[in-house]
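Read through the structure below, which is laid out as structure tokens, and then see the notes.
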Amino acid sequence: MSDRFMEFTQSPFGKSFASLLGLPTPPRLIRAKAPWADRPLDGKFATVGASNGAQLSEALLEALAATGATLRIVPEHAGLAPVKQAAAAQKINLTGNPADASAPRSQVLAFDASGISSPEQLRELYDFFQPLVRSVPSNGRVVVLSRAPEGIEEIGLKTAQTALRGFMRSLAKEIGKNGTTCNLLEVAEGGEGWLAAPLRFFLSEHSAYVTGQLLRVGPGSKGAELQPLAGSLAGKVALVTGAARGIGAAISEVLAREGAKVIGMDHPSAEGGLGETMARIGGHGLALDVTAPDAAERIAAEVSGKFGGLDIVVHNAGITRDKMLRNMTQQQWDLVLNINLGAILRINEGLLKKGLNNGARVVCISSIGGIGGNAGQTNYGSTKAGVIGYTQAMAAAMAKRGGAINAVAPGFIETAMTAAMPLGPREVGRRINSLSQAGLPQDIAETVAFMASPAAAGVNGSTLRVCGQNWFGA
Ligand code: NAD
């Protein structure tokens, strides 16, 4: 469904009209049109900074330089020494002063805040970002690196590293107006070597609707090998449930774009749509209800001979049956719980016995409804929160097999599900986020593809919201 308000405000008249009335003017987001590139930031500038005592600058600079961006520094800032040392160690050239008005604008601001260990030292954030932030062009990217607070015992360090979450979320709300995103990568012990893919994802056009989020990067799964994101899904075999339409169809398309062989599964009643989607991407259709008691065995039978097992499973099939709890029937409760949550556990359990290759990565679709809750969605909210708990519970077991399990929590996305909402709530749902617009199925699909990649081996047990920083449950 098209967003008429957004189209209107993007015309010169509409823009002035909206600004006169103080209405939001949603920015036009630039989304990826091609597969992951080797050097996505070729020809662009990235300004890099660090705090005193920063520990992640080498990993940051190495990953940034590999994107093709020209790296620049701010002279005289507190963490110049770690940045310069990291650059010298890796023979990376650092150039010019981005605060100079005649310098080209930096598309990316990247700051290693891992050394900040006191309230006073948080001032280094202000010193770096304050002079630069207004110069970031539209659809820019800001990424902050920190140490994952959960593993820290030292009081000052834990306090300051946690404070970075509030900084990142607030800055994301300020800069969303021009389509710029701001996210935080929290690096746990052993995660330093796995920074490249998540950083690249956050800096790319593949994450246009991901802002105000934190993502934990930990040690890679057992036996995982470092590899670039580009090309990492080539030849992988992926199962996507609910693939006939909406988000599932988009996930199938993006996985196929990245070179995966897609087996799209959907309810037999959606076989027609499934066939069309699979024909479009050269995928293979499987008409099967996720709640069938033998679903896992049938999937395994379908994939083991022809495809040699699954490398990726995306649990996307989901439904709503909204009613206030006082009016909800038992059937409405049971159906949603069974499709959105019970089936995921049963299918995984079966596939872990047979059908899933070692190193397989599983991605489950949650929802911000499972984080913020929603009147009329006690059934749906339970399932989507349950999905988050399930991914956390399964992360260690998946890592032992060399794989991972993560969740993606969509915000308000333009699909048949949201088109069915009444106009008022639909319009509110679109605007209550930092980018003032709904996401597209492609936005969810891009994040799923990233989570499904072996290059993201340091990301496990996490839930990433793709919601334009929706205020709901934030
Ligand atoms: P959709 O209704 O457009 O598509 C869902 C697909 O799942 C359909 O093709 C449907 O046939 C299939 N399906 C339903 N029951 C099934 C079953 N028993 N067996 C097999 N397939 C079944 O929905 P969508 O908007 O594309 O949502 C996809 C996922 O994203 C869902 O899990 C949903 O909860 C989640 N989500 C969507 C939004 C949004 O704004 N659209 C927001 C948050 C989360």
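All heavy atoms count here, side chains included; hydrogens, waters and symmetry mates do not.
Here the side chain of Thr180 pairs a donor or acceptor atom with the backbone of Gly140 at under 3.5 angstrom. Remark: side-chain polar atoms of Glu349 are not paired, donor with acceptor, to backbone N or O of Ile347 under 3.5 angstrom. Looking only at distances, no side-chain donor or acceptor of Arg165 sits under 3.5 Å from a matching main-chain atom of Leu184. When atom types are taken as modelled, the side chain of Asp266 and the backbone of Ala243 share a donor-acceptor pair closer than 3.5 angstrom. Between the Tyr209 side chain and the Asp443 main chain, no donor and acceptor come within less than 3.5 Å of each other. Using modelled atom types, no side-chain atom of Asn316 and backbone atom of Ile365 make a donor-acceptor pair closer than 3.5 Å. A donor-acceptor pair is defined here as one N or O able to donate and one able to accept, closer than 3.5 Å; such a pair exists between the side chain of Arg361 and the backbone of Ala456. Arg39 contributes no side-chain N or O that, together with a main-chain N or O of Thr67, makes up a donor-acceptor pair within less than 3.5 Å. Using a distance-only test at 3.5 Å, with no hydrogens or angles considered, no donor-acceptor pair links the side chain of Glu150 to the main chain of Ala148. The closest donor-acceptor contact from the side chain of Asn178 to the backbone of Val136 lies under 3.5 Å.
In the displayed structure, Glu189 atom CD is contacted under 6.0 Å by at most 12 heavy atoms of other residues, nucleotides or ligands. Annotation: Asp294, atom CG; neighbour count of heavy atoms from other residues, nucleotides and ligands within 6.0 Å is above 12. At most 12 non-hydrogen atoms from other residues, nucleotides or ligands lie less than 6.0 angstrom from CZ of Arg28. The neighbour count for Gln227 CD, taken as heavy atoms of other residues, nucleotides or ligands under 6.0 Å away, is above 12.
Side-chain contact between Glu186 and Gln161 is absent, with no heavy-atom pair separated by less than 4.5 Å. The shortest distance between side-chain heavy atoms of Val133 and Glu174 does not fall below 4.5 Å. No side-chain heavy atom of Gln107 sits under 4.5 Å from any side-chain heavy atom of Leu203. Using a 4.5 Å heavy-atom threshold, the side chains of Ser114 and Leu145 count as separate. Here the side chains of Ile388 and Gln392 are in contact, with some heavy-atom distance below 4.5 Å. Side chains of Val210 and Thr181 form no contact here, defined as non-hydrogen atoms less than 4.5 Å apart. Taking the side chain as every heavy atom from C-beta outward, Asn183 and Arg141 never approach each other to under 4.5 Å. Two residues are said to be in side-chain contact when any heavy atoms from C-beta on lie closer than 4.5 Å; Val336 and Lys384 fail this criterion.
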Let me have the donor-acceptor pairs involving side chains of residues 295-309, under 3.5 Å, with sequence neighbours excluded, atom names and distances please.
from: Glu302; atom 1: OE2; to: His284; atom 2: NE2; distance (Å): 2.7
from: Glu302; atom 1: OE2; to: Lys306; atom 2: NZ; distance (Å): 3.4
from: Ser304; atom 1: OG; to: Ala300; atom 2: O; distance (Å): 2.8

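The distance from the CG atom of Leu325 to the CH2 atom of Trp333 is 7.0 Å, given to the nearest 0.5 Å. How far CG of Leu440 is from OG1 of Thr415: 10.5 Å, rounded to the nearest 0.5 Å. With rounding to the nearest 0.5 angstrom, the CG atom of Asp334 is 11.5 Å from the OG1 atom of Thr291. To the nearest 0.5 Å, atom CD1 of residue Ile405 and atom OG of residue Ser221 are 11.5 Å apart. Expressed to the nearest 0.5 Å, how far CG of Asn379 lies from OG1 of Thr329 amounts to 9.0 Å. Distance check, rounded to the nearest 0.5 Å: OG of Ser170 to CD of Gln469 gives 8.0 Å.
Remark: Phe201 pairs with Phe450 by the ring-ring contact (aromatic ring centres under 6.0 Å, His included) rule, at least two apart or across chains. His267 pairs by the ring-ring contact (aromatic ring centres under 6.0 Å, His included) definition with nothing, not counting sequence neighbours.
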Evaluation steps, side chain to side chain contact (heavy atoms under 4.5 Å, CB included), between Thr418 and Ile413: CA-CA 7 Å; Thr418 48; Ile413 307 299; 5.6 Å; no
Side chain to side chain contact (heavy atoms under 4.5 Å, CB included) between Leu337 and Thr383, worked out: CA-CA 6 Å; Leu337 268 285; Thr383 63; 3.9 Å; yes
Audit row: Val108, Lys44, side chain to side chain contact (heavy atoms under 4.5 Å, CB included) steps and yes/no: CA-CA 8 Å; Val108 169; Lys44 298 197 167 136; over 6 Å; no
Residues Tyr390, His315; criterion side chain to side chain contact (heavy atoms under 4.5 Å, CB included); working and verdict: CA-CA 12 Å; Tyr390 177 65; His315 292 286; over 6 Å; no
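The nearest pair of heavy atoms linking Gly179 to Leu29 is CA-CD2, 3.8 Å. Taking all atoms of both residues into account, the shortest heavy-atom contact from Met451 to Leu215 is CE-CD1, 4.5 Å. Across all their heavy atoms, Ala455 and Ala197 have their closest contact at O-CB, 3.3 Å. Between Gln442 and Ala250, the shortest heavy-atom contact is N-CB, 4.0 Å. Minimum heavy-atom separation, Thr320 to Gln377: CG2-NE2, 3.9 Å. When all heavy atoms of Cys364 and Ile344 are compared, the closest pair comes out as SG-CG2, 4.1 Å.
Exactly one residue among Leu185, Leu164, Val187 makes a side-chain contact (heavy atoms from CB on, under 4.5 Å) with Ser146. That residue is Leu164.
Classification of Arg257 and Glu446 as a salt-bridged pair holds, one side-chain N sitting under 4.0 Å from a carboxylate O. Classification of Lys236 and Glu258 as a salt-bridged pair fails, no side-chain N sitting under 4.0 Å from a carboxylate O. Note on Glu192 versus Arg147: salt bridge recorded, some NZ/NE/NH1/NH2 to OD/OE distance being below 4.0 Å. Under a 4.0 Å N-O distance rule, the pair Arg430/Glu427 qualifies as a salt bridge.
With hydrogens and angles left out, the side-chain atoms of Ser453 and Ser232 include a donor and acceptor closer than 3.5 Å.
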